[in-house]
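I have placed the structure first, in the form of structure tokens, so that the comments after it can refer back to it.
Nothing here was measured: the structure is a model prediction, and the numbers come from that model.
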Amino acid sequence: MSQFKSEFLAILSERGFIHQISDPEGLDAAAKAGAISGYIGFDATASSLHAGSLVQIMMLRWMQKTGHRPIALMGGGTTKIGDPSFKDESRKLLSVEQIAANLAGIRQVFGKFLSFGAGPTDARMVNNADWLDHLNYIDFLRDYGVHFTINRMLSFDSVKLRLEREQPLTFLEFNYMILQAYDFLELSRRQDCVLQMGGSDQWGNIVNGIELGRRCDQRQLFALTSPLLTTSSGAKMGKTAAGAVWLNADMLSPYDYWQYWRNAEDADVTRFLKLYTELSLAEIARLGALGGAEINEAKKVLATEATAMLHGRAAAEAAAETARRTFEDGQSAAGLPTLTLDLDGGTGLLAAMVAAGFATSNGEARRSIQGGAVRINDEPVADDKLVLTRALLADGAIKLSMGKKKHVLVKPA
RNA sequence: GGGGGAGUGUCCCGAGCGGCAAAGGGGGCGGACUGUAAAUCCGCUGGCUUCGCCUUCGUAGGUUCGAGUCCUACCUCCCCCA
């Protein structure tokens, strides 16, 4: 499996990024022979990417680090259609304004992982709206539609779920795979891009692009997919109870991001270190060998390294220090997320908990209090009618906690 | 076209002879145990101005003191026959 001669594939392989490659020998030879260009598409379905996309981003990063040119494709056009792959029902269509706003949010993150420019291995960012928005329907059908048979498209696993459930798959969505295939063709022509990467759920779509390249331009293109990542207990990467693990700092603080990785399951530590950090495999092997409570050290390294890559070393160290003070010293630490409330007029505890995101309704907050989950300045609270006022301030803030892991500092308005 | 079956707590799956805020799972949250892990055990898991009030069982009507449960129409899906 890892008999790759190119540094690019060898690294991806040994770090666990590879699920399938369309023509492993061919791609390996191409990557060995010289710099190649490869892309991954990101649709603008939310205003930030989340941890589930991190594997893709890391693949682009490794591509660049091993001397190739990564292309981040913004799905400004395809998002208007919506990818139906492996979804059991169609998603709501996003407005054009919404897509533009989401795209702006998503763009930010790439600069932290890739270095952009015009040089041979500088990353590029392109938007498929540039070519998809102005396609002429009839011309497009005549030029490219002839290369796709419905028979074949219906055979893809990605649409089977929908078809088997006899859920409607609209013609609009059905076109998504054609447009994604066309993207690949466009990028091969415009950017000399020969590789498309993505999650394993994208395999069918990518292969369609390879077919199109062969038929239109007699060009050899490649596909490389990463495994669909779940945690050891089966949960999807990047989702927690509180919501998605966003990459944008304004949607998830560096502290909370650090916490997400710190709370990884034991069984995931080695795998995650390989995928989400750039530590050497030897170092990862050492960390992964730690047993019992010592593995917490490995989790801290994972959290700090992963956070440093996204938010910078300083933010990562600060998060680590805040966590250390909070969890290991049991003190309130200044780096905890803060919440500003009116303490002069007083704010009810229930309302404060909802504002802190500890509960979604007063009732839920009340039940948590009755269940003994809530503490103020580390003292358990039993009274759900309590009102937060300045009298509770300690060191300029009130530390409001729920459970062992959720802490917020309430400060006066 | 004909016949039969199904849509349940806006996370999911799923019970429900007319008295139902609705069994049971899963998931999630909290507690205990630990190592900010896993497993296990326990509690919680519609909303509110909470001894009470309000909104929930595909949609809209109807019967009834009272409907998730019965009736009518409609929507969607599954199966059999043509």
So, Asn263(A) and Lys299(A): side-chain donor and acceptor under 3.5 Å apart, yes or no?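 Result is no, nothing qualifies.
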
Those residues that, when tested against His311(A), pass side-chain hydrogen bond (donor to acceptor under 3.5 Å, both in side chains) (two or more places apart): none

Partner residues of Glu186(A) under the side-chain hydrogen bond (donor to acceptor under 3.5 Å, both in side chains) criterion, sequence neighbours left out: Tyr182(A), Arg190(A)

Can you tell me the distance, in whole Å, between the [atom1] atom of [X] and the [atom2] atom of [N]?
{"X": "Asp268(A)", "N": "U36(B)", "atom1": "CG", "atom2": "P", "value": "18 Å"}
{"X": "Trp258(A)", "N": "U36(B)", "atom1": "CH2", "atom2": "C1'", "value": "9 Å"}
{"X": "Glu265(A)", "N": "A39(B)", "atom1": "CD", "atom2": "P", "value": "7 Å"}

Base, sugar-phosphate alone, or nothing: which one does Glu328(A) contact when heavy atoms must sit under 4.0 Å apart?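 Counting heavy atoms under 4.0 Å across all strands, no contact is made by Glu328(A).
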
Determine the contact category for Lys406(A): base if any of its heavy atoms lies under 4.0 Å from a base atom, sugar-phosphate if only primed atoms, P, OP1 or OP2 are that close, otherwise nothing. sugar-phosphate

Residues at least two apart in sequence or cross-chain that pass side-chain contact (heavy atoms from CB on, under 4.5 Å) with Thr270(A), listed by chain then number, are Lys274(A), Ile284(A)

Could you work out, with side-chain contact (heavy atoms from CB on, under 4.5 Å) as the rule, every residue matching Lys300(A), not counting sequence neighbours?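 By the side-chain contact (heavy atoms from CB on, under 4.5 Å) rule, Lys300(A) matches Trp258(A), Arg262(A), Glu297(A), Glu328(A).
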
Residues passing the ring-ring contact (aromatic ring centres under 6.0 Å, His included) test with Phe358(A), sequence neighbours excluded, are none

According to ring-ring contact (aromatic ring centres under 6.0 Å, His included), who are the partners of Phe222(A), at least two apart in sequence or on a separate chain? none

The answer to which of Gly291(A) and Gly403(A) contacts RNA chain B further toward the 5' end, by nearest nucleotide, is Gly403(A)

Could you tell me whether C75(B) is syn or anti, where syn means a glycosidic angle within 90 degrees of zero? anti

Only counting residues at least two apart or in another chain, list the ones meeting salt bridge (charged side-chain N to carboxylate O under 4.0 Å, His left out) with Glu321(A).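 Result, salt bridge (charged side-chain N to carboxylate O under 4.0 Å, His left out) vs Glu321(A): Arg324(A), Arg325(A).
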
With the threshold set at under 4.0 Å for non-hydrogen atoms, list the residues of residues 357-372 of chain A touching RNA chain B in residue-number order.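 RNA chain B contact set from residues 357-372 of chain A: Ser361(A), Asn362(A), Gly363(A), Arg366(A), Arg367(A), Gly371(A).
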
Tell me which residues in residues 294-317 of chain A lie within less than 4.0 Å of RNA chain B, going by non-hydrogen atoms.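 Listed by number, they are Ile295(A), Asn296(A), Lys299(A).
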
